[in-house]
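All of these numbers come straight from a predicted model, not from anything done at the bench. All chains are named by letter (A, B, ...) in the order of the sequence lines, taking the proteins before the strands, and each is independently numbered beginning at 1.
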Amino acid sequence: MLIYTYDGSFEGFLCCIFEAYTRGEDPAEIAAAQGLQYRIDQELRGVPTIEERWQRVRAGIHHKLGRLTWQKLRACFCASTPDKEMLLYRYLKQGFARGRVATDDILHPDILPIEELYRSVGNEQQRMIMFARFAHIPEGVYCATINPKHSVLPLIMDHFAARFNVQPFIVYDEVHQLAGISERGEWYLSAAEGLCIPPASFDDQEYQQLWQTFYHAIAIPGRRNEKLRQQFMPKRLWKNIPEMHPAH
Amino acid sequence: MDGERKLEILTGAAKYDAACTSSGVNRSALPGLLGNACSGGICHSFAADGRCIALLKVLMSNDCIYNCAYCANRASAEQPRATFEPDELARLVIEFYRRNYIEGLFLSSGVTIDADTTAVRMVQALRLLRDSYGFNGYIHAKVIPGTSPQVIDQLGLLADRLSINVELPSTASLARLAPDKSIDSIFTRMAHLRDGISNNRQNLLEWKGRRESRRSLTAAAGCDSCATAGTCTGLAACRSAQTALARPARFAPAGHATQMIIGASPESDYEILKASAALYSQYRLKRVFYSAYVPVGDAALLQQGFAADSNDITLANGNGAVQLVREHRLYQSDWLLRFYNFSVDELLNPDAPFLDPLLDPKCLWALRNLDLFPIEVNRASFDELIRVPGIGVLGARKIIQARKAAQLSFDTLAALRIVMKRAQWFITCKGKYRSGLRFEHDSIYHSLTSEEARKRSYRQLHKREQASRQLSLFEGEFDHKGEFDHKRESEQIGLLC
């Protein structure tokens with residue numbers, strides 16, 4: 001059983017596609033080298049990440065399947081689904097064989113899973129854009145902690161970096177241990193194992209308090225609808241949403 | 001009075017305003033300015049009643065001289081009054097925005113002293129926000145009836161969206177319940193907004209044309225200094241072209257909207273939707289919002305609201321729950337008018353002027369027009385597909401995309417997330433009607449409504465159980481299901497609330 005291993009990056013994954021394509025191989029699994037459990041029947045092949053190669057795959061996807069499909073694949077790679085590499089691999093195999101006819105065939109067993117995954121990642125991305133809450137810490141930086149189910153930080157930083165270009169800020173994904181750091185419209189990602197965000201400034205606590213006051217005053221009494229609220233604002237995210245904490 | 005108490009009062013006073021959308025305009029972020037705007041709108045929180053919170057929705061002041069019978073802030077109501085200082089409000093917006101609590105500001109006000117004085121205070125706050133604090137996010141400002149056109153023009157250059165409430169669906173009701181408001185002034189100001197917006201759009205188009213012609217001029221004349229630096233010291237023709245190049249300021253780029261209160265006056269759904277359709281076509285509104293009437297304070301006459309239809313027992317008690325279902329059905333119909341090419345007369349008529357609380361308006365229409373169904377999903381056009389209950393704009397697009405590759409069956413339709421519970425009654429797949437179903441009015445009606453009725457009775461049972469176990473904190477639970485569907489639909493179209 002042939003297993004490709006790669007460095008865990010999207011570029012690395014694209015190099016696996018290149019590898020399979022140029023060698024005419026059909027790997028049984030593609031997995032990040034880190035954390036891989038080796039089994040006796042597996043033949044492992046470490047696939048190197050080489051810019052010239054992933055650039056060619058990238059150009060191929062753009063040319064054959066279009067920019068929107070490229071973005072879709074990029075987003076799906078952020079999913080925390082363990083078999084995302086194989087889903088993407090099968091999708092691309094169809095796409096390279098049949099072109100846009102394949103990507104339009106949204107009910108095909110190799111295409112539908114990516115459509116579903118894209119929907120799920122897109123929803124999570126949107127939720128983080130809605131619910132990330134920044135707190136002003138005494139050092140003058142705004143910090144948000146998020147706990148998304150997919151690793152969508154790379155997909156939301158453009159939005160926040162443009163919008164908050166007048167304030168330096170950090171978005172910390174505590175689930176995937178990743179931080180996005182931004183200043184003056186630019187941003188970069190950094191591995192952030194166990195990042196400890198200092199407590200909010202005194203001023204900030206005051207604004208949190210005011211926000212809670214607003215939040216409670218805006219609801220119409222007698223029309224409470226807990227089910228609807230949780231439909232839109234899932235409970236698993238409440239821990240990082242200050243208005244959902246009891247008043248202090 | 002401390003800031004927190006003031007915020008509490010002025011938020012509570014604004015909570016019945018229906019509009020909380022941040023949609024309708026795309027504005028890129030600019031270096032040095034805080035914020036941007038996305039035309040799809042972004043929600044930031046959801047209140048305990050399940051409504052989305054996108055904007056800091058407050059009144060500038062709730063100290064109102066008018067005495068409109070339906071309004072919580074009417075002069076005769078006994079309640080605490082407060083007024084924001086412009087700077088106090090602007091800072092609140094900035095601090096909330098910086099923390100990603102909100103998408104911007106929704107600012108309305110009670111009428112203090114007179115309309116212009118009130119509006120000028122609002123202009124002051126917005127100007128502080130835009131000019132002093134460099135705020136580039138979304139602003140929705142309410143136009144107080146009777147505000148002079150000059151002040152409206154100032155508001156329009158600061159806000160993304162303006163709105164003037166028609167308040168009630170007919171002039172007769174307005175005269176009766178809002179005696180201080182001049183009906184003429186509402187509609188002349190609305191026309192003023194319409195013209196201001198379309199003139200501004202025209203100016204922008206002309207400006208774009210001038211910019212293009214300057215580009216071709218400089219390209220032809222070889223004047224490349226301005227192409228790079230933006231200022232030209234070269235050709236005289238280019239310089240004169242440049243003086244005419246200042247981009248016109250945008251006037252209410254997200255358009256204008258209005259709101260009417262449902263259930264405080266006796267109009268039928270047919271009359272309400274007719275009024276909306278007229279507002280959309282005559283005043284080119286972006287949205288009409290419907291606000292289910294909540295009896296507030298001591299308005300004894302209105303305590304119960306008006307029954308929508310005295311023959312209809314479910315609507316006749318006029319309590320909050322019933323009005324909410326009605327509000328929801330009106331929103332669904334409004335959606336059908338704007339995105340599904342329906343006309344009011346297709347949905348309702350003077351002989352059957354009310355929507356069915358148990359059935360969404362598209363189902364209601366389809367059941368009245370069964371001769372148009374069932375349609376074959378593998379052949380139907382987009383326009384035909386979107387008229388099928390259970391198939392929305394997104395669903396129709398997916399069907400058209402997917403059937404290019406393969407014939408669709410009932411099973412694969414479900415994988416496209418079509419609401420089969422409703423759609424299955426109105427379609428055929430590969431020429432076949434779904435086995436086990438009978439294409440017949442009564443069985444369809446029974447099946448589509450019994451489900452809701454079942455849910456409702458379940459909820460009532462559940463509520464009774466709860467009530468028997470503990471003191472209920474909240475009166476008047478209502479039909480959540482419908483509300484959610486509406487939200488989901490709007491989400492699909494990218495216009496979430």
Student: For Ile129(A), is it the side chain, the backbone, both, or neither that has a heavy atom closer than 4.5 Å to a heavy atom of chain B?
Tutor: both

Student: Quick one: salt bridge (Lys or Arg N to Asp or Glu O under 4.0 Å) partners of Arg98(A), sequence neighbours excluded?
Tutor: Asp105(A)

Student: Does anything in residues 162-185 of chain A reach chain B? List residues with heavy atoms under 4.5 Å apart, or say none.
Tutor: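 The residues closer than 4.5 Å to chain B, in numerical order, are Ala162(A), Arg163(A), Phe164(A), Asn165(A), Val166(A), Gln167(A).
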
Student: Phe46(B) vs Phe232(A) aromatic rings, parallel, tilted or perpendicular, using cut-offs 30° and 60°?
Tutor: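 Geometry flag for Phe232(A) against Phe46(B): parallel rings.
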
Student: So what's closer than 4.5 Å to chain B heavy atoms on Ile218(A): side chain, backbone, both or neither?
Tutor: both

Student: Just by distance, do the side chain of Arg133(A) and the backbone of Asn100(B) share a donor-acceptor pair under 3.5 Å?
Tutor: yes

Student: Between the side chain of Asp49(B) and the main-chain N/O of Asn225(A), is any donor-acceptor distance below 3.5 Å?
Tutor: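 Side chain of Asp49(B) to backbone of Asn225(A), a donor-acceptor pair under 3.5 Å: no, none is there.
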
Student: Taking side-chain contact (heavy atoms from CB on, under 4.5 Å) as the definition, give me every residue that meets it alongside Ile9(B), ordered by chain and number, with sequence neighbours left out.
Tutor: Met1(B), Arg5(B), Asn62(B), Pro80(B), Ala82(B)

Student: Quick check on the interface: out of Glu95(B), Glu103(B), Lys57(B), Glu8(B), who has the most heavy-atom pairs with chain A under 4.5 Å?
Tutor: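 Winner by heavy-atom pair count: Glu95(B).
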
Student: Given heavy-atom pairs under 4.5 angstrom as the criterion, report whether the side chain, backbone, both or neither of Glu115(A) touches chain B.
Tutor: neither

Student: May I ask you to list the residues in residues 57-70 of chain A that approach chain B closer than 4.5 angstrom, counting heavy atoms only, ordered by number?
Tutor: none

Student: Quick one: what part of Tyr142(A) sits under 4.5 Å from any heavy atom of chain B, side chain, backbone, both or neither?
Tutor: side chain

